[in-house]
Amino acid sequence: MTTVRATGSPDDGIAAEQAYVSVLHRRLDEVRARTVARLDEALTTVPHNPQAVGEREAAVELHTQRIVALDAADSGLCFGRLDRHDVDVPRYIGRIGLFAEDGGEEPLLVDWRAPAAQPFYTATPLHDLGVRHRRHIRTRGRTVVGVTDETLDLSDPDLVQRSGLAGESVLLAALNANRTGRMNDIVRTIQAEQDRIIRADHRGVLVVQGGPGTGKTAVALHRAAYLLYTHRERLARSGLLIVGPSPTFLGYIADVLPSLGETGVVLTDMGGLRPGLQAHAAEAPEVAEVKGRLAMVDVVATAVRNRQAVLDAPANLTVDGTPLRFTKADAARARSRARAVSRLHNEARPAFVRAVIDLLAGKYADKLGANVLDGGNLLGRGDLAALRQEVATEPAVHALVERLWPRLSAERLLRDLFADPRRLAAATRGWPEADRELLLRPASAPWTPADVPLLEEADELLGIDDSAERAAARRERQRRLRHAQETLDLLHGSRSTDWETEEESEELSAGDLLDAEGLAERQEVGDSRSTAQRAAADRTWTYGHVIVDEAQELSAMAWRVLLRRCPTRSMTLVGDVAQTGSAAGASSWAEVLEPALGPRDMRGWRLEELTVNYRTPAEIMDVAADVLAAGGAVTSAARSVRSTGEQPWARAVAEEHLVTAVAEAAAELDREEGTLGVIVPRSRLAAVTDAVRARVPAASADGDLTAGPVVLTPEGSKGLEFDSVLVADPVGILTEGVRGHNDLYVALTRATQRLGVVHAGELPSELKRLDPR
């Protein structure tokens, strides 16, 4: 393949860049074709044993992932060029790294995550990092449609860097573009303060504090892609977890990492963190706050111990017509033996069962084998074993065990606890009655996100009684060994004993190469799932790195779950304490992290701040800043980099007409280009949703941000952005929210272009800047 480079002055222009970009796409096609061929080869391979099946599946997964990355890189493959002081050949920056077929010292294209690409994002006239000129290349498909040049020469009076933004025109074009309901990657427009955080050391806990529109989420996702690139081998084994605030948010960001060629990431919210459970039912904020308290650790532990019961009165059983009496002392003795074996309830249960059977079998033997002459027992060891087996199969004994030490799942434990006032009272001794009553609910109630940490805590105390599964696995292992030995015996018996030559007599047979155990191992089917698939299905999986978005919302119990998932404390936490809406959330990072991490790990956490608001126009941020100040926030609003000239407005209506007026205003804004979010207090969500859908048939019914106008609460809108935002009933948002000013601040700052407010009665003084309509 012939390598073409656009050399010369920065004025080479679109034509020269098109020539080079075309070369890159041809090379991309070559690499992809080769990968497809390898995938086809793997798919056509016929495995002859389970080990070969696993190897083939691994090869298929590897080549499939590579093809996904190459396909993702096709759009916007190359977006930058650096001209350096000491090198005549330009360096091109893109989504992936590409090399010429024959190699070469300089790659055809440098991956944006590589150290060699960092000057594209961070070089300035004062610190040019060896770069004299930076070019931003805009493409549509495989066609170059424009270039934007930046000189980093301090002698040039027309520096583009005056604003402090790299590629200002490219950045503003991206910011002013209409939204689609899905987040786009920002790989072309990463700014220096964002790049610093993206490339920060993975060790320890990194907290990224940033106001609305500062790109916290984009930074977190690009940091995930960077870490997967830089620490590929480690994270390929341990995996990377990203936790977001809601299912709607996860849908919004779902395309970002695939667009960067990364698909091996577990993406979830707290409600989906537990394998096999989707806990997304709504509940009152005060209930979630109680469930999020660290005191729930003791509540769950007490609830487990209370299910290890003793008898109020002796239990009378009959085994094959023989009456037996199981006393309170017997129950206490069996419980003590079980607790001595394991602190985990279900793992200790077999010991409890054995203790109960031993005690009852002893009583049974005493009755059946009593020697009337000297009081001794006439039964032998074999007789005692038979009696023990008879006791073990008695249904009444099973019922007694289930009554005193039931096999529990976390779900059963919590359902029983929250549905039974007596059990709940026993587990929450010393609690105010009002707090206790908040936890009461029917056993049929659906699971909520705040339940997930409690279920996980229960699992840590219950463990798994897998004795039956282990016994089955041993039997299956023995069966494979027998089958393997029979196969080797058959091969040995059928071998030829008449060697015609000395060479034939020295040939090795199957029995010479492996034994029955080795042959049995070859019959074991390996796990061909990817790391992400295995991690998502395993509650006990520990990740190499965890990223949490809107981390300020997490309760103390939620932190316990996430820290178990990441014992190395390699975490990135992004959020804004000025936007905390949950009563269980953070007012400051130190306040929430110190009890979660403990004194030792607190020494390893560090704070980075994003200070520039790229999303929200200055006109809207002026309004939002007043709300932020009225709420007594300790942080200040980030600086907006752009202005639209469009003033946010307010419309007053009568209370009885509020819902209808919101629907009409939504229909007006829907005629504008781009996306529309309608943000309302929780109490008005159903009514406004119905009214908007009746007025705008294309409105989203299930939170799909690509479908049309979507109606959300402030909590549900966290992390999202819309071209237009309509806020309904700001007074309701202020009064219903646990931290009402924070909720209103969130609602106002979701807009990238236009903001309207519909209200009944007096407008809050915090919104005095709004233009009346």
Side-chain angles (χ1 to χ4, degrees), residues 72 75 177-186 212-213 217-218 220-221 242-260 263 265-273 277-282 446-449 536 549-550 553 581 615 659 662-682 684-728 746-747 749-756:
S75 177
N178 289 329
R179 271 48 186 174
T180 63
R182 289 288 186 269
M183 176 180 273
N184 297 318
D185 66 68
I186 61 167
T217 298
L221 295 174
I242 297 178
V243 180
S246 69
T248 301
F249 173 85
L250 296 179
Y252 174 62
I253 67 170
D255 295 339
V256 175
L257 284 170
S259 75
L260 298 172
T263 57
V265 173
V266 177
L267 213 64
T268 186
D269 64 333
M270 284 303 301
L273 188 62
L277 181 70
Q278 291 298 314
H280 292 120
W447 299 108
T448 71
D549 205 336
E550 303 295 343
E553 300 295 336
R615 177 181 69 212
V659 172
V662 170
E664 291 173 352
E668 294 173 15
L669 284 172
D670 188 53
R671 289 193 283 270
E672 302 281 355
E673 291 187 359
T675 57
L676 168 62
V678 181
I679 304 179
V680 303
R682 181 188 293 267
R684 296 190 186 270
L685 181 62
V688 173
T689 298
D690 291 343
V692 170
R693 290 185 62 196
R695 192 73 171 77
V696 187
S700 173
D702 56 0
D704 181 0
L705 303 182
T706 65
V710 60
V711 183
L712 300 163
T713 63
E715 177 187 14
S717 71
K718 275 190 166 63
L720 307 180
E721 61 182 9
F722 305 90
D723 293 285
S724 302
V725 166
L726 181 64
V727 176
V746 169
T749 54
R750 300 306 95 196
T752 66
Q753 303 290 342
R754 294 166 289 274
L755 172 67

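One-based numbering along the sequence shown.
Not counting sequence neighbours, the partners of E664 by the side chain to side chain contact (heavy atoms under 4.5 Å, CB included) test are T660, R695. For A281, the side chain to side chain contact (heavy atoms under 4.5 Å, CB included) test picks out P446, T448, with sequence neighbours left out.
Nearest heavy-atom pair across R750 and S717 is CD-O, 3.4 Å. Nearest heavy-atom pair across V256 and M183 is CG2-O, 3.4 Å. Here the closest heavy-atom approach between residue L726 and residue A666 is recorded as CD2-N, 3.7 Å. Here the closest heavy-atom approach between residue P258 and residue A72 is recorded as O-CB, 3.0 Å. Shortest non-hydrogen contact noted between P714 and V680 is CD-O, 3.2 Å. Of all the heavy atoms in P681 and A728, the pair that sits closest is CD-O, 3.3 Å.
At least one side-chain heavy atom of L705 sits under 4.5 Å from a side-chain heavy atom of T248. Annotation: side chain of F722 is in contact with side chain of L712 (closest heavy-atom distance under 4.5 Å). H280 has its side chain within reach of P247: a pair of non-hydrogen atoms, C-beta onward, lies under 4.5 Å apart. Two residues are said to be in side-chain contact when any heavy atoms from C-beta on lie closer than 4.5 Å; T217 and Y252 fail this criterion. Counting heavy atoms from C-beta outward, Q753 and E673 have side chains that stay 4.5 Å or more apart.
The CD1 atom of I679 lies 8.0 Å from the CG atom of L720; values are rounded to the nearest 0.5 Å. For the atom pair OG1 (T675) and CG (N178), the distance works out to 8.0 Å, reported to the nearest 0.5 Å. For the atom pair D185 CG and L260 CG, the distance stands at 4.5 Å (nearest 0.5 Å). Here the straight-line distance linking atom CD1 of I242 with atom CG of D269 works out to 13.0 Å at 0.5 Å rounding.
Of the possible polar contacts, one joining the D723 side chain to the R179 backbone as a donor-acceptor pair under 3.5 Å is found. At least one donor-acceptor pair under 3.5 Å links the side chain of R182 to the backbone N or O of G251.
Shown here is E715, whose CD atom has no more than 12 heavy atoms of other residues, nucleotides or ligands within 6.0 Å.
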